[in-house]
Each structure stands twice: as structure tokens, then as C-alpha cells.
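I have placed the structure first, in the form of C-alpha cells, so that the comments after it can refer back to it.
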Amino acid sequence: MNSPKSPILVPFASDGSCFNPSLSCPKSGTFTVGEKGKEITFDNFDTALEHIMMMYTPRWRRPNKSGDWEIVSAVRWELLPKNY
């Protein structure tokens with residue numbers, strides 16, 4: 001029997017989007033975090049999240065409404081929504 005996953009705190013940007021497992025780059029499969037010019041890529045979500053948790057201002061790349069990948073900054077932390 002599988003046990004349910006424990007809740008995970010993730011950063012949310014001002015537009016309501018959050019850092020989540022669906023944000024891997026379609027081409028490389030990696031997660032990109034950090035400020036512009038100092039970005040770091042990670043092969044998996046958990047490792048990227050561990051790094052984000054240590055950042056003074058968490059930042060990550062995610063696609064905008066046009067599909068372009070941009071950097072957003074955290075404004076709050078909440079539980080990862082169940083749809084991820």
C-alpha cells in the first residue's frame with residue numbers, strides 16, 4: 001500500500017504561479033533557478049527545490065502566457081497544490 005506524499009512548501013510568484021514539478025525545460029528536462037546571469041540547472045525537482053529554499057529571494061524560470069521562459073521571484077510560500 002502506498003502512503004500519501006507529505007505536503008511540500010513551494011514558492012509562489014506575484015502572479016499566483018508556483019515552482020512545481022511541471023516546470024522542467026521541454027528540451028533538456030532540467031529545472032532552472034536563480035537570478036539572471038547566476039542561474040543554475042538541476043536534473044530533478046526535489047534538488048532544485050532544496051536549492052531554492054536556501055536562496056535569499058527564490059527565483060526560477062517558467063513559461064509566461066506567450067510561452068517564453070522568464071524568471072519570476074517568490075513573494076510567499078504555500079503548500080504545493082494537489083494538481084501537481
Legend entry - Glu70 bridged to Arg61 by N-O distance under 4.0 Å: no
Inset, instruction - Check whether any side-chain heavy atom of Trp60 sits under 4.5 Å from a side-chain heavy atom of Leu23, and report yes or no. - result: yes
Legend entry - Side chain to side chain, Thr41 and Phe31, heavy atoms closer than 4.5 Å: no
Legend entry - Test side-chain contact (heavy atoms from CB on, under 4.5 Å) applied to Arg62 and Asn20, Val72, Ile71, the passing residue: Val72
Legend entry - Co-membership, hydrophobic cluster, residues Leu49 and Leu79, 4.5 Å side-chain: yes
Inset, instruction - Look at the aromatic rings of Phe42 and His51 and report parallel, tilted or perpendicular, splitting at 30° and 60°. - result: tilted
Legend entry - Nearest atoms (heavy-atom pairs only) where Tyr84 meets Pro21: CB-CD, 4.0 Å
Inset, instruction - Taking the six-membered ring for Trp and the full ring for Phe, Tyr or His, determine whether the centres of Phe19 and Phe12 are under 6.0 Å apart. - result: no
Inset, instruction - Could you verify whether a donor N or O on one side chain and an acceptor N or O on the other, from Ser66 and Asp68, lie under 3.5 Å apart? - result: no
Legend entry - Any Phe45 side-chain heavy atom under 4.5 Å of Val10 side chain: yes
Legend entry - Within one Ile-Leu-Val-Met-Phe-Trp-Tyr cluster: Met54 and Leu9, side-chain cutoff 4.5 Å: no
Inset, instruction - Considering non-hydrogen atoms only, spot the tightest contact between Arg59 and Ser73 and give its length. - result: NE-OG, 3.2 Å
Legend entry - Non-hydrogen atoms of Arg76 and Gly16 that approach each other most closely: NH2-CA, 4.2 Å
Legend entry - Test item: Pro26 and Trp69 side chains (from C-beta on) under 4.5 Å apart, heavy atoms: yes
Legend entry - Separation of Ile8 CD1 from Glu78 CD (nearest 0.5 Å): 14.5 Å
Legend entry - Distance-minimising heavy-atom pair for Pro11 and Ala74: CB-CB, 3.5 Å
Inset, instruction - State, yes or no, whether a side-chain contact exists between Cys18 and Leu80 at a heavy-atom distance under 4.5 Å. - result: yes
Legend entry - Flag if over 12 foreign heavy atoms under 6.0 Å of CG, Asp43: no
Inset, instruction - Check the hydrophobic clustering (I, L, V, M, F, W, Y; side-chain heavy atoms under 4.5 Å; chains of links allowed) and say if Met55 and Val75 are grouped together. - result: no
